Amino acid sequence: MAIENLSEDLLMEILWRLPVKSLLQLKSVCKNWYALIQNLNFIYLHHDRAASIAADENTDCLLVKRFLDGGEGGVALSFVPNETPVGDIDMLSATGLDVKELRILGPCNGVVCLTRFALNSTIVICNPSMKEFRILPQPSYKNDHTTNLGFGYDPFSDDYKVVRFTMMSTDLLTWGIDEMIEIYDSSTDSWREVDTESPIQSGFYCCHDSYTSWNWDCFWYAYHKHGGSPVIMAFSMTNEVFEEMPVPEVCLLDQHSEKKLFVLNDSLVMVIYPKWWSDPSWIPPEDFMSKTFDIWVMNEEDVEVSWTKKFTIGPFQGLEWALGFRQNGEFLVESNYGQMMSYNLNTQERKEYQVHDQVQGRPPPPHLQVLPYTESLVSVNRGNEHDGHVE
């Protein structure tokens, strides 16, 4: 049977088994193939199937922000399917971002958001598997400070959105501060102010270093600004409203531990572990140089939310920061010499990932970023004049 005589159903069955790189090449075969591979239904089916296969076969990949030449050669986004990285994307030459302080948000359907939390910082959305990026326009209020960002997806409008918390000086003489929230819509390539009650205006402080995207929405570990209790602050990308969710009860008692939000097995989880630093009144325990990581899983039953401690890992020495989870049950941690370690929750096996380029006698810079990643055909371009493609 000639390939042009294949039915569309059979052709789809063949094509959605192929990696993104091959599909991008096959778009030039004929108009029918181009239209099929560009079709949104095909794009999302391909991504879902790739994620399902990766979960079944333990072949999931990681997207890692790593340092080249010990930090002297800049920062790259790299795919890490096994112990070593492949497919570096130099984001400095592509976008001009000050990449040493780069933050990665997402992913949502293979698309991520890249930025810094700083004055007038560039914000980029990017599909690393297609090496496509879009530099977002400047927000409406340019001379303000971005205190937080969230990135998500609205499936009802097929729109990728960035929510931005800002602080703006209103009176330099009295140190007046105005706080507001804006949303960027990829469909219109523009920012707009949110007409909803925001957590910062309600007196909350959302921690940008304890943030995750789950089911396309955004979640932060947050505090009431005036000495109140911690909460989970959630933002719906579809409804564009905020919701408070309870934290594990241990968070109300322990103010000296690090709390990080991640996703594990399609559940929201919180990892709680000791900080290396504390306020002067805190007396560290005897085993301060060892760390134990408690993993709490959120349970949702009807309208009630509760938490259960599922795993306790450690104590281990030489570990610094919790980084997240792979689908195969690996818990990822940054060591105190800058490399990435993993602990398999099922087999208790430990291993090291050599994610940084090594420089003789000098450890790599700290603060890795790691995201579980499934490749995707979702284009971030959509006709924007600022679109880009990294070779």
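Owing to the predicted nature of the structure, the values given are computational and were not obtained by experimental measurement. Atoms considered below: every heavy atom in the structure, side chains included; atoms not considered: hydrogens, waters and symmetry mates.
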Grab the two heavy atoms, one from [X] and one from [Y], that are nearest each other, plus how far apart they are.
X	Y	answer
P128	Y373	CD-OH, 3.3 Å
G110	H47	N-NE2, 3.6 Å
L15	W33	CD2-CZ3, 4.5 Å
M245	M298	CE-SD, 3.2 Å
P230	V247	O-CG2, 3.7 Å
M237	G152	CE-N, 3.5 Å

I'd like to know if [Y] and [X] are part of one continuous hydrophobic network [Ile/Leu/Val/Met/Phe/Trp/Tyr, side-chain heavy atoms within less than 4.5 Å].
X	Y	result
I181	V162	yes
W216	F156	no
L45	V378	yes
Y221	V250	yes
I272	L253	no

Next item on the list: Would you sort out whether L105 and S213 count as a side-chain contact (heavy atoms from CB on, under 4.5 Å), showing the intermediate values?
Entry: CA-CA 7 Å; L105 309 177; S213 176; over 6 Å; no
Between [atom1] of [X] and [atom2] of [Y], what distance do you get to the nearest 0.5 Å?
X	Y	atom1	atom2	answer
C251	Y223	SG	OH	7.5 Å
Q369	I104	CD	CD1	4.5 Å
S379	I43	OG	CD1	7.5 Å
D294	T312	CG	OG1	4.0 Å
K291	I313	NZ	CD1	13.5 Å
L261	I232	CG	CD1	4.5 Å

Quick check: do [X] and [Y] have side-chain heavy atoms less than 4.5 Å from each other?
X	Y	result
F79	L62	no
I123	L149	yes
W191	P137	yes
I183	R164	no
L24	L377	yes
I295	K309	no

By side-chain contact (heavy atoms from CB on, under 4.5 Å) - contacts of [X] (at least two apart):
X	value
S342	E330, L332, K351, Y353
V263	T212, W214
T188	D185, S190

Is [X] reaching over with its side chain to a backbone N or O of [Y], donor-acceptor style, under 3.5 angstrom?
X	Y	result
H46	L18	yes
Y184	L136	no
S210	C207	no
K260	D209	yes
E334	L368	yes
K65	V370	no
K259	S257	yes
S236	D217	no

Check: Between E182 and V194, is a side-chain contact (heavy atoms from CB on, under 4.5 Å) present by the stated rule, with each step listed?
Finding: CA-CA 5 Å; E182 292 179 288; V194 179; 5.8 Å; no
Does either side chain, that of [X] or that of [Y], offer a donor lying less than 3.5 Å from an acceptor on the other one?
X	Y	result
Y44	S376	no
E132	N127	no
N109	Y160	yes
W307	N299	no
T238	D154	yes
N148	Y205	no

Next item on the list: Please collect all salt bridge (charged side-chain N to carboxylate O under 4.0 Å, His left out) contacts where either partner lies in residues 231-250, sequence neighbours excluded, each pair once.
Entry: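 Non-adjacent pairs meeting salt bridge (charged side-chain N to carboxylate O under 4.0 Å, His left out): K161-E240, R192-E240.
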Checklist line | Pairs where residues 25-54 contributes a residue and the test salt bridge (charged side-chain N to carboxylate O under 4.0 Å, His left out) is met, not counting sequence neighbours | finding: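 Every salt bridge (charged side-chain N to carboxylate O under 4.0 Å, His left out) pair that includes a residue of residues 25-54, provided the two are not neighbours, is E13-R49.
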Check: Under 4.0 Å between a Lys/Arg side-chain N and an Asp/Glu carboxylate O for D189 and R134?
Finding: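 Yes.
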Check: Taking the six-membered ring for Trp, are W220 and F165 ring centroids under 6.0 Å apart?
Finding: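 Aromatic pair counts; centres sit under 6.0 Å.
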Checklist line | Stepwise side-chain contact (heavy atoms from CB on, under 4.5 Å) test for L114 and L77 | finding: CA-CA 10 Å; L114 313 172; L77 295 184; 4.0 Å; yes
Next item on the list: Classify the ring geometry between F262 and F325 as parallel (under 30°), tilted (30 to 60°) or perpendicular (over 60°).
Entry: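 Correct class here is perpendicular.
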Margin query: Checking F311 against V269 for the side-chain contact (heavy atoms from CB on, under 4.5 Å) test, could you report, in this order, the C-alpha distance in whole Å, the side-chain angles of both residues, the deciding distance, and whether it holds?
Written below: CA-CA 11 Å; F311 303 97; V269 301; over 6 Å; no
Item checked: Partners meeting ring-ring contact (aromatic ring centres under 6.0 Å, His included) with F293 (sequence neighbours left out) ->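 Partners of F293 by the ring-ring contact (aromatic ring centres under 6.0 Å, His included) criterion, ordered by chain and then number, come out as Y273, F331.
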Notebook entry, point to check: Between Y343 and F316, is a ring pair (Phe, Tyr, Trp, His ring centres under 6.0 Å) present by the stated rule, with each step listed?
Noted result: CA-CA 11 Å; Y343 178 90; F316 294 130; 5.7 Å; yes
